[in-house]
Amino acid sequence: MNTEPLSSSKPRPSLLRNWLSLFGLIIVAGGLFSFTLLALVDSMSRSANPYIGILTYVVAPVFLLMGLAVTVVGAWRERRKLGQSAGLLPAIVVDLTRPRDRRILGYFVACSLFFLLLSAIGSYHTYNLTESVSFCGRACHTVMKPELTAYEHGPHARVSCVECHIGKGATWFVRSKLSGTYQLYATAFDKYPRPIPTPIQNLRPAQETCEQCHWPSKFVGNLQRTYNFFQGDATNSPYTLSLLIKVGGGDPTHGPTGGIHWHMNVGNKVEYVATDPGRQDIPWVRITDQQGVVTVYHTKTYTNTPAASDVRLMDCMDCHNRPAHKFMSPDDAVDLAMSLPHEIDPQLPWIKTNAVDVLTQPYTNTTQAVEFIATALSNRYPQARNDEKFKETITAVQQIYRDNFFPEMKADWRAYPDNIGHKDWPGCFRCHDGNHVTDDGKRTIKASDCNACHVILAQGTGPDLLKMTPAGQEFKHPGGDYDHTCNECHNGAL
Ligand code: HEC
Ligand code: HEC
Ligand code: HEC
Ligand code: HEC
Ligand code: HEC
Ligand code: HEC
């Protein structure tokens, strides 16, 4: 048997000359070609198209790398085969005095530089692409349509998705790309939940997202807000309410502390335990004040000592949980449209009730809903059919549906409670319901006092609305006397 190494004067057999490596090289060439072509198309098209982006910066590089891997595996197998049949392969000798070696080295360096440059451009674009609103919102259009639509109508429409969902820092970047990879898979294979569950577990803490733009020490002061309600009767009786909301602040260097943002006092710490995944049931609350005094409030039925892992530190998102994706309840959306010109005509008898009714029917898709809304309303107002104002009404109701209801994803106000306020969801009353007391029963979280969080400046209609009372008025409930919490009757459709 010949154990002598192959003579170095003979040309070294190419390890790439085998079917597997050849196949790999074809994939590499294909990947490179499509990457170049797609990158050109992408840079020339005016608007960012997430699909081209995904093909260029995710799919093409994956093929390129796969091709390279196959080539290397082929070469490795070839090397083992050669080693077995011809004994030991010669050691690689690079001799720069030989022109052939210099040429090969030159090619190698040039190709590596080119490849490095290409991957630098590629990764930069991949990074930008996966951080863009159009990638987050549009690429998976059925999945993200509800959040994207609500986002575009919200106050944060100019803030990109990643600024709240990812933020700065390498660990969150890696985490988000890892979960993002899973999400790409879940979308491609239709494995995602409908509706997408809320709240997001392990959302980046507010200090690192919201507080980059709205710092908690900023004193907000009082906010005045006017609500135009319409009741569900024949004349759609209007009822207007003007609230002065005591938002306040939590930092003595920026203004008096107190009011609603007191929870965010830089010195206080409010923690709580929720017993449901949606954080709607809060039986246990703990405050640690500036002096370090700890007070625990709990409901009568909740007497356990909670595990540390169940305790959540209250932050912005516990109240502002829909800052970017608010799905309006049909009640609020119809009230708003009725108060605006050229939308829902408040002169149509029973239109408040009828509009809410057609919006809340069970539909399987948006097209069906929009058609049904038009026919059902036309049937209910046969005499108004050709009226210009009635046509505007139908269009407005259909638009409310398109903006706030997503039957394909089972997403609407029912799936996504809003924790600001207390009318349609428990909201503030999750803690401020009068049932949270200290162990000795002496202290309760403020509840019954309707003026603790806001004062009613004016309410009613017509002349009543001109009677402004800075000290606050007692609430004259349009629905008559009530002795329950608001959301036991009001659910967004009443
Ligand atoms: C101003 C900050 C902000 C921006 C901008 C933002 N989000 Fe959100 N998003 C949130 C918060 C807060 C939640 C609710 C988190 C919670 O309750 O745990 C949320 C929830 C979600 C959810 C979970 C389902 C749900 O509705 O609760 C998805 C999906 C989502 N956002 C997608 C997006 C997409 C896509 C964009 C960009 C088009 C975007 N978000 C932009 C703050 C933001
Ligand atoms: C990149 C900056 C940025 C980030 C991050 C951000 N916001 Fe905002 N926020 C804004 C801007 C800009 C506005 C609009 C201000 C205006 O129109 O007066 C706004 C408005 C608001 C408003 C008033 C909404 C209204 O109805 O007028 C609230 C409340 C709010 N943000 C809460 C949050 C919360 C909670 C978060 C974290 C989940 C957050 N923001 C993250 C920039 C940001
Ligand atoms: C206890 C609940 C609660 C917490 C916690 C909370 N807020 Fe608020 N915030 C409110 C309420 C209620 C308002 C009044 C406006 C409203 O109803 O939307 C408000 C108003 C605001 C406004 C002014 C909105 C405007 O229309 O001008 C901003 C900005 C804001 N909050 C940001 C934050 C940020 C940032 C945090 C976290 C550091 C935070 N809030 C924590 C309840 C809360
Ligand atoms: C997780 C429970 C929890 C939630 C949710 C909550 N609060 Fe509070 N809140 C507290 C606790 C605890 C206190 C302090 C009670 C005490 O010791 O006097 C407090 C105090 C307050 C105070 C009095 C601050 C002061 O100046 O002393 C206001 C105003 C207030 N909350 C408004 C709100 C509003 C508005 C909401 C809803 C947007 C809300 N809270 C949601 C737990 C909560
Ligand atoms: C813990 C604080 C708090 C207490 C106590 C409280 N409210 Fe409110 N209330 C709010 C907040 C916050 C909002 C929502 C502001 C907004 O729209 O952003 C609100 C909104 C309202 C509205 C407007 C309806 C709507 O569509 O949201 C009415 C009416 C109202 N409150 C009545 C009352 C009455 C009556 C009481 C006494 C039983 C009361 N509130 C006690 C915090 C409170
Ligand atoms: C016992 C059930 C019940 C309770 C509890 C209740 N309401 Fe109502 N509310 C009604 C009814 C019924 C109407 C009349 C509805 C209509 O005509 O559309 C009404 C009407 C209203 C309206 C007028 C506009 C509209 O949306 O229909 C407001 C605002 C309102 N309620 C706020 C509240 C607030 C805030 C609370 C809690 C402090 C509350 N309600 C508690 C049953 C209730």
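Counting starts at 1 for both ligands and their atoms, following the listed order.
At the shortest separation from atom 17 (O) of ligand 6 among protein heavy atoms lies Gly232 N, 3.1 Å. Remark: minimum distance from atom 23 (C) of ligand 4 to any protein heavy atom is reached at Lys446 NZ, 3.9 Å. Among all protein heavy atoms, the one lying closest to atom 1 (C) of ligand 2 is Cys213 SG, 2.8 Å. With hydrogens left out, the protein atom closest to atom 38 (C) of ligand 2 is Cys210 SG, 2.7 Å, a heavy atom. Closest to atom 27 (O) of ligand 6, if we only count protein heavy atoms, is Phe230 O, 4.2 Å. Nearest protein heavy-atom neighbour of atom 26 (O) of ligand 2: Pro155 CG, 4.0 Å. Remark: minimum distance from atom 30 (C) of ligand 4 to any protein heavy atom is reached at His263 CE1, 3.2 Å. The closest protein non-hydrogen atom to atom 37 (C) of ligand 4 is Cys428 SG, 2.0 Å. Distance from atom 11 (C) of ligand 6 to its nearest protein heavy atom, with residue and atom name: Gly479 CA, 3.7 Å. Nearest protein heavy-atom contact of atom 22 (C) of ligand 6 is Pro478 CG, 3.6 Å. At the top of the distance list for atom 3 (C) of ligand 6, counting protein heavy atoms only, stands Cys489 SG, 2.7 Å. Remark: minimum distance from atom 15 (C) of ligand 6 to any protein heavy atom is reached at Leu494 CD1, 3.9 Å. Residue, atom and distance of the protein heavy atom nearest to atom 12 (C) of ligand 2 are Val159 CG2, 4.9 Å.
Residue contacts with ligand 4, taken as heavy atom pairs separated by less than 4.0 Å, do not involve His422 at all. Contact annotation: for His432 versus ligand 4, heavy atoms closer than 4.0 Å belong to the side chain alone. Neither the backbone nor the side chain of Arg158 comes within 4.0 Å of ligand 2, counting heavy atoms alone. With a 4.0 Å heavy-atom cut-off, ligand 6 is reached by the side chain of Asp331 but not by its N, CA, C or O. Counting heavy atoms under 4.0 Å from ligand 4, residue Arg443 touches it through the side chain alone. The proximity of Ile287 to ligand 4, defined as any non-hydrogen pair under 4.0 Å, is limited to the side chain. Contacts with ligand 6 closer than 4.0 Å are made by side-chain heavy atoms of Lys423 only, the backbone lying farther away.
Among heteroatoms of the N, O or S kind in His477, NE2 lies nearest atom 8 (Fe) of ligand 6. Taking the N/O/S atoms of His490 in turn, the shortest distance to atom 8 (Fe) of ligand 6 belongs to NE2.
Between the side chains of Asn222 and His454, no donor N or O sits under 3.5 Å from an acceptor N or O.
None of the N, O or S atoms belonging to Cys486 lies under 2.8 Å away from atom 8 (Fe) of ligand 6. Put simply, His156 gets within reach of atom 8 (Fe) of ligand 2, with an N, O or S atom under 2.8 Å from it.
Not a single heavy atom of Tyr227 sits closer than 4.0 Å to an atom of ligand 6. The closest approach between any non-hydrogen atom of Thr353 and ligand 6 is not below 4.0 Å. Under a 4.0 Å heavy-atom criterion, Ile445 is in contact with ligand 4.
Note: Gln383 CD to Tyr381 OH = 9.0 Å, rounded to the nearest 0.5 Å. Here the CG atom belonging to Asp424 is positioned 10.5 Å from the CE atom belonging to Met328, to the nearest 0.5 angstrom. Atom OG1 of Thr288 sits about 8.5 Å away from atom CG of Asn268, to the nearest 0.5 Å. The distance from atom CH2 of Trp425 to atom CG of Asn487, rounded to the nearest 0.5 Å, is 10.0 Å.
Of all the atoms in ligand 2, the ones that sit under 4.0 Å from a non-hydrogen atom of Glu163 are 1 (C). Of all atoms in ligand 4, listed by their number and element, those nearer than 4.0 Å to a heavy atom of Ala452 are 29 (C). Each of the atoms 5 (C) of ligand 4 lies under 4.0 Å from some heavy atom of Arg430. Interface of Cys431 with ligand 4, defined as ligand atoms under 4.0 Å from a residue heavy atom, comprises 1 (C), 2 (C), 3 (C), 4 (C), 5 (C), 42 (C), 43 (C). With ligand atoms numbered from 1 in the order given, ligand 2 contributes 38 (C) to contacts under 4.0 Å with heavy atoms of Met317. Listed by number with element, the atoms of ligand 2 under 4.0 Å from a non-hydrogen atom of His320 are 29 (C), 35 (C).
Heavy-atom contacts from other residues, nucleotides or ligands closer than 6.0 Å to NE2 of His477 number more than 12. More than 12 non-hydrogen atoms from other residues, nucleotides or ligands lie less than 6.0 angstrom from CG of Asp440. Within 6.0 Å of CD in Glu488 there are more than 12 heavy atoms belonging to other residues, nucleotides or ligands.
In this structure, His320 and His261 have perpendicular ring planes: the angle between them is above 60°, well past the 30° mark. The aromatic rings of Phe429 and His422 sit parallel, their planes meeting at an angle under 30°, below the 60° perpendicular limit.
Of the candidates Pro426, Gly248, Gly259, it is Gly259 that places a heavy atom closest to atom 24 (C) of ligand 4.
The shortest heavy-atom contact between Ala471 and Val455 is O-CG1, 4.1 Å. Closest approach of Ile351 and Asn236 over heavy atoms only: N-OD1, 3.2 Å. Taking every heavy atom of both residues into account, Asn365 and Glu408 meet most closely at CB-OE2, 3.4 Å. Residues Gln473 and Ala458 share a closest heavy-atom pair of NE2-CA, 3.7 Å. Taking both residues in full, the closest heavy atoms of Thr360 and Trp413 are given as CG2-CH2, 3.8 Å, listed atom of the first, atom of the second, then distance.
Taking any N or O of Trp262, backbone or side chain, none lies under 3.5 Å from an N or O belonging to ligand 4. The distance criterion of under 3.5 Å between nitrogen or oxygen atoms is met by His214 with respect to ligand 2. At least one N or O atom of Tyr297 sits closer than 3.5 Å to an N or O atom of ligand 4.
When atom types are taken as modelled, the side chain of Asp412 and the backbone of Arg414 share a donor-acceptor pair closer than 3.5 angstrom.
Lys352 has no carboxylate O lying under 4.0 Å from a charged side-chain N of Asp233, or vice versa, which leaves the two without a salt bridge. Between Arg380 and Asp357, at least one side-chain N (NZ, or NE/NH1/NH2) sits under 4.0 Å from a carboxylate O, which counts as a salt bridge.
Residue Lys326 is tested with Asp418, Asn404, Asp332 for a side-chain hydrogen bond (donor to acceptor under 3.5 Å, both in side chains); the sole match is Asp418. Here the rule is side-chain hydrogen bond (donor to acceptor under 3.5 Å, both in side chains) with Tyr297, and of Arg443, Arg286, His436 only Arg443 fits it.
Counting heavy atoms from C-beta outward, Ser242 and Gln224 have side chains that approach closer than 4.5 Å.
Within 4.0 Å of atom 8 (Fe) of ligand 2, at least one protein heavy atom is present.
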